[in-house]
Amino acid sequence: MEIRIELARLAYAENILRCTNEPPEMVEDLLSLDGELEKARRWFAFAEAKRRFDPNVVRGLLVYLFSHYASPEFDPHKREQLVREIMEGRVRMRDLTIERLAGTRLRWEHIFRLVGRQFNPTREKEKIKALYNQLYASASAVPRTEVSYGR
Amino acid sequence: MDAKYSPQQPHQDELDREQLAEFAGLFEGLRRIEYPAHPSEAILRAYIANRLADSPEAGRVGATFRDARAFQGFLQGRVPYWTRSDVAIHVLTCTRCQERVAYLRARRWQLLGSARQVSTTGTRSWWRRFAWGALGAAVAAVILAALWLWPSSPLSPACWIEERCWSEIIQESPTKGSVMVVYRRGRF
Ligand SMILES: [Zn+2]
């Protein structure tokens with residue numbers, strides 16, 4: 001069951017990328033059935049960031065995340081096809097899935113091309129982390145000032 | 001830095017260092033799963049061609065999270081219909097379907113490549129036909145202009161001026177005396 005909930009969280013993350021996601025408050029219970037509420041909330045921070053900041057930039061960060069961390073294996077052939085489609089403007093963010101991106105290891109220039117403009121990834125990432133802390137740190141049973149995304 | 005996209009990266013080194021590795025933990029639970037059922041080839045083809053919907057009904061919200069029943073089906077690996085997310089997550093975690101999708105994608109890529117090549121050749125031959133047509137029309141126009149603008153002295157003399165096309169015969173008339181009668185020969 002745990003692995004299925006894990007996959008459900010990834011499916012939800014993919015929905016955030018394609019803008020087909022339910023609001024976080026609607027799925028919080030479902031996505032934390034295995035007790036991993038904090039993990040679910042990390043994705044919810046992306047969904048909430050899309051509401052508050054430039055949604056395409058948040059989606060661009062997700063594209064980068066999926067392409068680098070959804071698979072431990074690099075797939076050069078898959079990457080070549082996807083990069084060509086991106087650079088020729090034949091693919092949009094709403095066409096992408098977590099599977100299509102897994103193992104492609106896109107560069108930021110590809111992300112910018114998809115988003116349609118450049119942005120500072122470090123600054124945008126920090127904004128999402130700050131939003132997470134603002135939304136959930138006070139709700140946590142253990143008071144804290146900072147949440148680390150690393151393990 | 002919030003400028004429009006341009007291929008030039010002003011801070012490429014800085015960008016390459018930003019790997020977002022601190023989010024990698026969100027994918028830690030991913031592993032291969034032995035599925036009892038797999039999407040059909042038709043479903044996989046539709047998925048690859050971006051023709052698979054997020055929800056079988058109207059609306060933009062993915063079907064997986066629409067209600068508890070749909071979600072339970074997803075958790076148990078029994079989906080009543082394959083949405084795009086269902087297939088994506090299945091393929092991501094199913095070795096067998098990963099191979100099938102890789103094969104179908106390669107074939108699709110090949111077909112699209114040859115279709116594009118044919119289309120380019122077609123465009124090229126269309127242009128070639130157009131160029132030959134334009135050349136022919138230009139040549140015809142030059143000839144007509146040459147004929148139209150040629151000096152008034154023609155290349156060969158006109159027969160009706162230089163060659164006699166008529167006969168003159170003197171006939172005697174009882175009332176008028178000698179009369180010259182002109183007879184036309186052929187067309188005048
Ligand atoms: Zn499968």
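Small disclaimer: the values here were computed from a predicted structure and weren't measured. Numbered from 1 within each chain, the chains take letters A, B, ... in sequence-line order.
- Within 6.0 Å of CD on A:Glu25 lie more than 12 heavy atoms contributed by other residues, nucleotides or ligands.
- Taking the charged nitrogens against the carboxylate oxygens, B:Arg32 and A:Glu73 do have a contact shorter than 4.0 Å, which makes a salt bridge.
- Note on A:Glu99 versus B:Arg105: salt bridge recorded, some NZ/NE/NH1/NH2 to OD/OE distance being below 4.0 Å.
- Of all heavy-atom pairs between B:Ala88 and A:Ile98, the closest is CB-CG2, 4.5 Å.
- A:Leu37 and A:Tyr132 are members of different hydrophobic clusters when ILVMFWY side chains are connected at heavy-atom separations under 4.5 Å.
- Within the 4.5 angstrom heavy-atom criterion, no atom of A:Arg92 approaches chain B.
- Residue-environment remark: CZ (A:Phe74) exceeds the threshold of 12 foreign heavy atoms within 6.0 Å.
- The closest side-chain heavy-atom distance from B:Arg31 to A:Glu6 is not below 4.5 Å.
- Comparing A:Val57, A:Leu10, A:Leu30, A:Val115 by heavy-atom pairs within less than 4.5 Å of chain B, the highest count is held by A:Leu30.
- Of all heavy-atom pairs between A:Arg18 and B:Ser85, the closest is NH2-OG, 3.6 Å.
- With chain B as partner, the option from A:Asp29, A:Asp75, A:Asp54, A:Leu31 having the largest number of non-hydrogen pairs under 4.5 angstrom is A:Leu31.
- Remark: A:Lys39 does not engage B:Glu28 in a salt bridge, criterion side-chain N to carboxylate O under 4.0 Å.
- Put simply, the side chain of B:Leu20 does not reach to within 4.5 Å of the side chain of A:His68, judged on heavy atoms.
- Neither the backbone nor the side chain of A:Arg105 has a heavy atom closer than 4.5 Å to any heavy atom of chain B.
- A:Phe66 and B:Phe23 have their aromatic ring centers separated by at least 6.0 angstrom.
- For A:Arg100, the parts lying under 4.5 angstrom from a heavy atom of chain B are both the backbone and the side chain.
- Salt bridge absent: A:Glu14 and B:Arg84 never bring a charged side-chain N and a carboxylate O closer than 4.0 Å.
- Of the listed residues (A:Ala102, A:Ala8, A:Pro72, A:Ser71), the one with the most heavy-atom contacts under 4.5 Å to chain B is A:Ala8.
- Contact of the B:Trp109 side chain with the A:Arg84 side chain is registered, since non-hydrogen atoms from C-beta on lie closer than 4.5 Å.
- In terms of heavy-atom pairs under 4.5 Å with chain A, the best-connected choice from B:Ile89, B:Ile48, B:Val101, B:Val91 is B:Ile89.
- In this structure, the side chains of B:Leu30 and A:Ile3 stay at 4.5 Å or more apart for every pair of heavy atoms.
- The candidate from A:Lys78, A:Arg90, A:His77 with the greatest count of non-hydrogen atom pairs under 4.5 Å with chain B is A:Arg90.
- By the rule that hydrophobic residues join a cluster once side-chain heavy atoms approach within less than 4.5 Å of another member, A:Leu135 and A:Leu61 end up as members of one cluster.
- By the neighbour-count criterion of 12 heavy atoms within 6.0 Å, atom CZ of A:Arg51 is densely surrounded, having more than that number from other residues, nucleotides or ligands.
- The candidate with the highest count of non-hydrogen atom pairs below 4.5 Å against chain B, out of A:Val27, A:Val91, A:Leu65, is A:Leu65.
- Ring pair A:Tyr69/B:Phe27 is tilted by interplanar angle, where 30° to 60° counts as tilted.
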Exercise for review: Run the numbers on A:Thr97 and B:Tyr47 for side-chain hydrogen bond (donor to acceptor under 3.5 Å, both in side chains), then give the verdict.
Suggested key: CA-CA 10 Å; A:Thr97 66; B:Tyr47 167 74; 2.7 Å; yes
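- In B:Gln110, the CD atom is not crowded: 12 or fewer heavy atoms of neighbouring residues, nucleotides or ligands sit closer than 6.0 Å.
- Both A:Met87 and A:Val63 are assigned to one and the same hydrophobic cluster, defined by single-linkage of ILVMFWY side chains at heavy-atom distances under 4.5 Å.
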